[in-house]
Engineer: 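Have a look at this one.
Side chains included, hydrogens not; waters and symmetry mates left out as well; all remaining heavy atoms used. Residue numbers begin at 1 in each chain, while the letters A, B, ... track the order of the sequences.
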2 protein chains.
Amino acid sequence: MRTPQELSTAFRAIGLKVTPQRQVLFSLLHQNDGHPSAEAIHLAASAAMPGISLRTVYQTLNDLVSMGELQQLQLTPGSARFDPNTSDHHHLVCDGCGDVRDVYVSGLADVDVRGLDGFRVDATDVVFRGSCPTCTSATGDPSAPHA
Amino acid sequence: MRTPQELSTAFRAIGLKVTPQRQVLFSLLHQNDGHPSAEAIHLAASAAMPGISLRTVYQTLNDLVSMGELQQLQLTPGSARFDPNTSDHHHLVCDGCGDVRDVYVSGLADVDVRGLDGFRVDATDVVFRGSCPTCTSATGDPSAPHA
DNA sequence: ACCGTATTCGCAACGATTGTTGGTTCGCAA
DNA sequence: TTGCGAACCAACAATCGTTGCGAATACGGT
Ligand SMILES: [Mn+2]
Ligand SMILES: [Mn+2]
Ligand SMILES: [Zn+2]
Ligand SMILES: [Zn+2]
């Protein structure tokens, strides 16, 4: 994620105004290395600016996504996750707790792909699904705590 | 997708009944090599059995998914897609028309993955996003029809 | 054929996201 | 500094996809 300053400039450049609400969101996203939902972002933003509306959060997230400054992920049914990490990376998803982590993959260009049939590929997303260490020890451990 | 007969046996084996509605769905899915939504499956099922409820379609699809006989995909925001193709394959998604196609990838085991950190990987999903031949010629063609 | 239980269906409810409207505030270019 | 248009909020309503619920019905082992 670019800095709040850079994002402010980018917003102004396309005729969008830089409001305090947006600045709060720029700052939160810039520091965020996770994969928060809109609801989670709203919660965090509310701490810094009580009263900020969920509607405004959605609006700004959508703006950032369409500017290519933020990635929107739909890894599971349910709410979308937003990803401030714009570097070339992929994801691990824990089926147990729903946690999403970044993972870096190299050598993807060497895989053999059959069936492209004239399809133009713009992006490749790899999603590894499984169990995080916490959930693995919980489910695999016979002495695991209840539920 | 296994045959309707095999699915019937599998259902009975776990105490689930084989109803006419389910038989219609078994048959439809067995012949289907696409990635239909629940709505689309309901539409097709309604042709064979007028009056079948969308609720029943969801119920049976969910049963098949939890039995591992059917795959559920969440490739985009919006409705889930169901995949009767249980072979090891991956997907192409057209950003233009939303079409989903199968693609076969080999050599995935050779890619270098950093950041696994004790995470146990059970499945790997690769999604190629881009533009199908139809949408590519439409958008790239200066003489393309309006809108 | 009987009976217990699974299934069906229609409708209500849900979670996530977007649309609307009206009044107020505020960024920012001139 | 001013003025205009954008953005904000509140308060809803609406949409979409999916699931919960409950009364009526039907499967299938005996
Ligand atoms: Mn990420
Ligand atoms: Mn497929
Ligand atoms: Zn976990
Ligand atoms: Zn297309």
Engineer: Any heavy-atom pair between the side chains of B:Val113 and A:Phe128 that's under 4.5 Å?
Structural biologist: yes

Engineer: Looking only at heavy atoms, what is the nearest atom pair of B:Gly34 and B:Pro84, with distance?
Structural biologist: O-CD, 3.5 Å

Engineer: Mind checking whether B:Met1 and B:Leu70 have side chains closer than 4.5 Å, heavy atoms only?
Structural biologist: yes

Engineer: Considering only heavy atoms of chain A and a distance under 4.0 Å, specify the first and last nucleotide of DNA chain C in 5' to 3' order that meet this criterion.
Structural biologist: C:dA16 to C:dC28

Engineer: List in numerical order all residues of residues 44-66 of chain B for which some heavy atom is under 4.0 Å away from an atom belonging to DNA chain D.
Structural biologist: B:Arg55, B:Tyr58, B:Asn62

Engineer: So, using ring-ring contact (aromatic ring centres under 6.0 Å, His included) as the criterion, who are the partners of B:His42 when residues are at least two apart?
Structural biologist: none

Engineer: Should B:Ile41 and B:Leu25 count as side-chain neighbours, where that means a heavy-atom distance under 4.5 Å?
Structural biologist: yes

Engineer: Any side-chain heavy-atom pair from A:His35 and A:Leu75 closer than 4.5 angstrom?
Structural biologist: no

Engineer: Closest nucleotide of DNA chain D for A:Gly15 versus for B:Ser37: which of these residues is on the 5' side?
Structural biologist: A:Gly15

Engineer: Is the backbone of A:Asp125 close enough, under 3.5 Å, to the side chain of B:Arg129 for a donor and an acceptor to pair up by distance?
Structural biologist: no

Engineer: List the protein contact pattern of nucleotides 25-30 of chain D with one symbol per nucleotide (5' to 3'): B for base contact, S for sugar-phosphate-only contact, - for none; contact means a heavy-atom distance under 4.0 Å.
Structural biologist: --BS--

Engineer: At a heavy-atom distance below 4.0 Å, what parts of residues 72-81 of chain A sit against DNA chain C?
Structural biologist: A:Ser79, A:Ala80

Engineer: Figure out the CD/P separation between B:Glu39 and D:dT15, and round it to whole Å.
Structural biologist: 15 Å

Engineer: Do A:Asn85 and A:Asp33 make a side-chain contact, defined as non-hydrogen atoms from C-beta onward lying under 4.5 Å apart?
Structural biologist: no

Engineer: If only atom types and distance count, is the side chain of A:Asp117 paired as donor or acceptor with the main-chain N or O of A:Phe119 below 3.5 Å?
Structural biologist: no

Engineer: Work out how much the helix from C:dA1-D:dT30 to C:dA30-D:dT1 bends between its end axes, five pairs an end, to the nearest 10 degrees.
Structural biologist: 50°

Engineer: Side-chain contact test, heavy atoms from C-beta onward, threshold under 4.5 Å: evaluate it for A:Ile14 versus A:Met67 and give yes or no.
Structural biologist: yes

Engineer: Tell me, do B:Leu29 and B:Glu69 make a side-chain contact under 4.5 Å, heavy atoms counted?
Structural biologist: no

Engineer: OG1 of B:Thr76 to CD of A:Gln72: how many Å apart, nearest 0.5 Å?
Structural biologist: 10.5 Å

Engineer: Establish whether A:Leu64 and A:Ile52 are linked, either directly or via other cluster members, by ILVMFWY side-chain heavy-atom contacts under 4.5 Å.
Structural biologist: yes

Engineer: Distance from A:His91 atom NE2 to A:Asp99 atom CG, nearest 0.5 Å?
Structural biologist: 11.0 Å

Engineer: From the options A:His30, A:Gln31, A:Gln23, select the one residue that forms a side-chain hydrogen bond (donor to acceptor under 3.5 Å, both in side chains) with A:Ser27.
Structural biologist: A:Gln31

